[in-house]
Every structure is written in structure tokens, then in C-alpha cells.
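Given the structure is predicted, the values throughout are model-derived calculations rather than measurements. Throughout, protein chains are lettered first and strands after them, A, B, ... in sequence-line order, and every chain is numbered starting at 1.
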2 protein chains.
Amino acid sequence: MSRSNPRVLSTLERVGGFASAQEVHKLMQREGERIGLTTVYRSLQSLLGEKIVDVLRREDGEAIYRLCGDTHHHHLVCKNCGITVEIEGGAIEKWAKSVAQEQGFRDVGHTAELFGTCADC
Amino acid sequence: MSRSNPRVLSTLERVGGFASAQEVHKLMQREGERIGLTTVYRSLQSLLGEKIVDVLRREDGEAIYRLCGDTHHHHLVCKNCGITVEIEGGAIEKWAKSVAQEQGFRDVGHTAELFGTCADC
DNA sequence: ATGATAATGACAATCATTTTCAAAGTAGAT
DNA sequence: ATCTACTTTGAAAATGATTGTCATTATCAT
């Protein structure tokens, strides 16, 4: 099918935080890389499938990506400045599992995000 | 400026869960209401500003709205048939609160959704 | 009724994302 | 090196949600 373009990954590494497909593309262009927007989208999609990157949504709905570790975690995002803290979600995992069982659901996954105002804002 | 159209609100009440602007509009049309899509968007925007509705994002980025009643709850959705169960989220509330405090965040809200396969599917 | 102000909706514009498809690259066999 | 089958690429068009525009319509106090 389609593998992820390594230059996209390395750019995202360099960013060290969240970036949208459009931003990654612009950044690469600015740095002289010749790559199409389509390829950037495809690569990010791939990386997402391989669980190498995480996706989140900005307030306007634009998808933003960033590298994620191999452990399943959640985010605490500042609504004001966008700073993000990774959170351990052990409590959530347990909760999800028990709720699922109660309701007779199988293969239950979950999303959970916290947002607020950080200490500096 | 622009106040929210009460029919939009009452439609959302009737839905009793999440719905996108497009869905609210379609629903109203099906029920014979004559209203423009633009007005639906504006009204939801208004309701959001007045904190009468909550907004969330679907996986594809489409914005979905729901009344934010006084009891905060979560959803367990079947990926296959779409059936939805409302879940009490006391455990999450506590978790969110404690995490927020640890990290020095204020005014922390959260989103949490569970999805899986229901017993009938 | 009149005029000021706000609400409405058809339509066009915007913008992220996806799809299409033909061209370019790659690897392996001969 | 040449041929062939397969994959990757990217330009351009399509899609779909959301927002902007602006003329028309409703509202309401005078």
C-alpha cells in the first residue's frame, strides 16, 4: 500500500510537539525539502496506523499530530497557550473495562482528554 | 448581534445526545421546520457562547453539540450499530480533578468517550 | 405606519482533507 | 543492462464542513 515517508517523521521529531499536516508541509518546504502535501497527509495517516504518532484536534477541528511513546496515555492541554502534559491513564483503563463489562460491550477503546488553564496562564 | 433560534435548541433537546449542525438541520427539515443551515450554525455558535451547549469533535473532525445538562455524563457507543449508553463518570471526575491539581492547572474540564461492540452486534 | 435594528437564508467563498490518476521510482528476474 | 510488476509520489480536482456576504424579512418601540 503506502509506507510513511521518513522525512515526514523526522520533521515531526524536529518539531517536538503538535503540528498539523499543513504545518509540517510548510515547514518542510521552507527547509528546502521537495514534497507534496498529499504525501505528508498519507505519511501522517500511516504513522497514525502504526501508532507512531498521536492525533488530536484543535478547536477549529484541524487535526494535529505528534510523536507518542509506546505507552497509551492521555493529554492535559492548556486552552490558552496550548502547552500539553502527558498523563498516565491507568485509572481510566480500569474504569473503561469495568463499564464495558457491565454493559456487555466487547473490544472497548476510549478517548479522554483534559483541558484547562495552566499555571503560567 | 444574533440570538439563538429557540427551535434549534428544542431540536437538540429532543435529540438527547450529540448531533452535528448538519444533522440538526436535516432533522428539522424532515420534521417540516423551515430553517436555513446558516441559522443552525449561528444558533449553535450562540448556544456555545452562552454555555448552553457543549461541543466535541467526531473522529473526522466534524463538530457535534449537545446540551450540557447539570449532570455531566459520558457515552459508551457501539461502533457497529451506533447504540449509545449513558455512563456515570464519577471516577473520571475525581481522576481529572486530582491530575489537574498535580499539574497546577485550573478550570479543568474533560472529554471521555468509550466505544466498542455491543452485545447484540 | 415608520424607521432602526436584529434575524434569516440562499449563495459563494474558504479551507482541511481525500480521491484520482498518470508519471516516476524500485526491486527482482532474465 | 533491460524488462516487468509493483509501489510511491504529487498535481489537480473533488468533497464536505464551516464561515462570510448581503439582500430580504421580521420585530418592536415610537
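Rounded to an integer number of Å, the gap from Ile35(A) CD1 to dA11(D) P is 10 Å. At whole-Å resolution of the value, CD in Glu23(B) and C1' in dG16(D) are 14 Å apart. The distance from atom NE2 of His25(B) to atom P of dC11(C) is 13 Å, rounded to the nearest whole Å. Arg7(A) places its CZ atom 13 Å from the C1' atom of dG25(C), with the value rounded to the nearest Å. If you measure from atom CD of Glu33(B) to atom P of dT8(C), you get 12 Å, rounded to the nearest angstrom. The nearest whole Å value for the distance from the CE atom in Met28(B) to the C1' atom in dG9(C) is 13 Å.
Taking the side chain as every heavy atom from C-beta outward, Gln103(A) and Ile87(B) approach each other to under 4.5 Å.
Within 6.0 Å of atom CD in Glu59(B), 12 or fewer heavy atoms from other residues, nucleotides or ligands are found, so the atom counts as exposed in its surroundings.
Not counting sequence neighbours, the partners of Phe18(B) by the ring pair (Phe, Tyr, Trp, His ring centres under 6.0 Å) test are His75(B). Every residue two or more places apart in sequence or in another chain that forms a side chain to side chain contact (heavy atoms under 4.5 Å, CB included) with Arg14(A) is listed here: Ser10(A), Thr11(A), Glu31(A).
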- [ ] Using the side-chain contact (heavy atoms from CB on, under 4.5 Å) rule, take Tyr65(A) and Gln45(A) through it: C-alpha gap first, then chi angles, then the decisive distance, then the call.
- [x] CA-CA 10 Å; Tyr65(A) 304 84; Gln45(A) 212 61 325; 4.2 Å; yes
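Residues Cys118(A) and Arg106(B) approach most closely at O-NH2, 3.3 Å, considering heavy atoms.
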Task: Annotated protein contacts, base or backbone, on nucleotides 18-27 of chain D with a non-hydrogen cut-off under 4.0 Å, one of B, S, - each - done: BBB-------
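Residue contacts shown for Arg58(B) are absent, as no nucleic acid heavy atom lies under 4.0 Å away.
Within the 4.0 Å cut-off from OP1 or OP2 of dT9(D), not a single side-chain nitrogen or oxygen of Thr39(A) is found.
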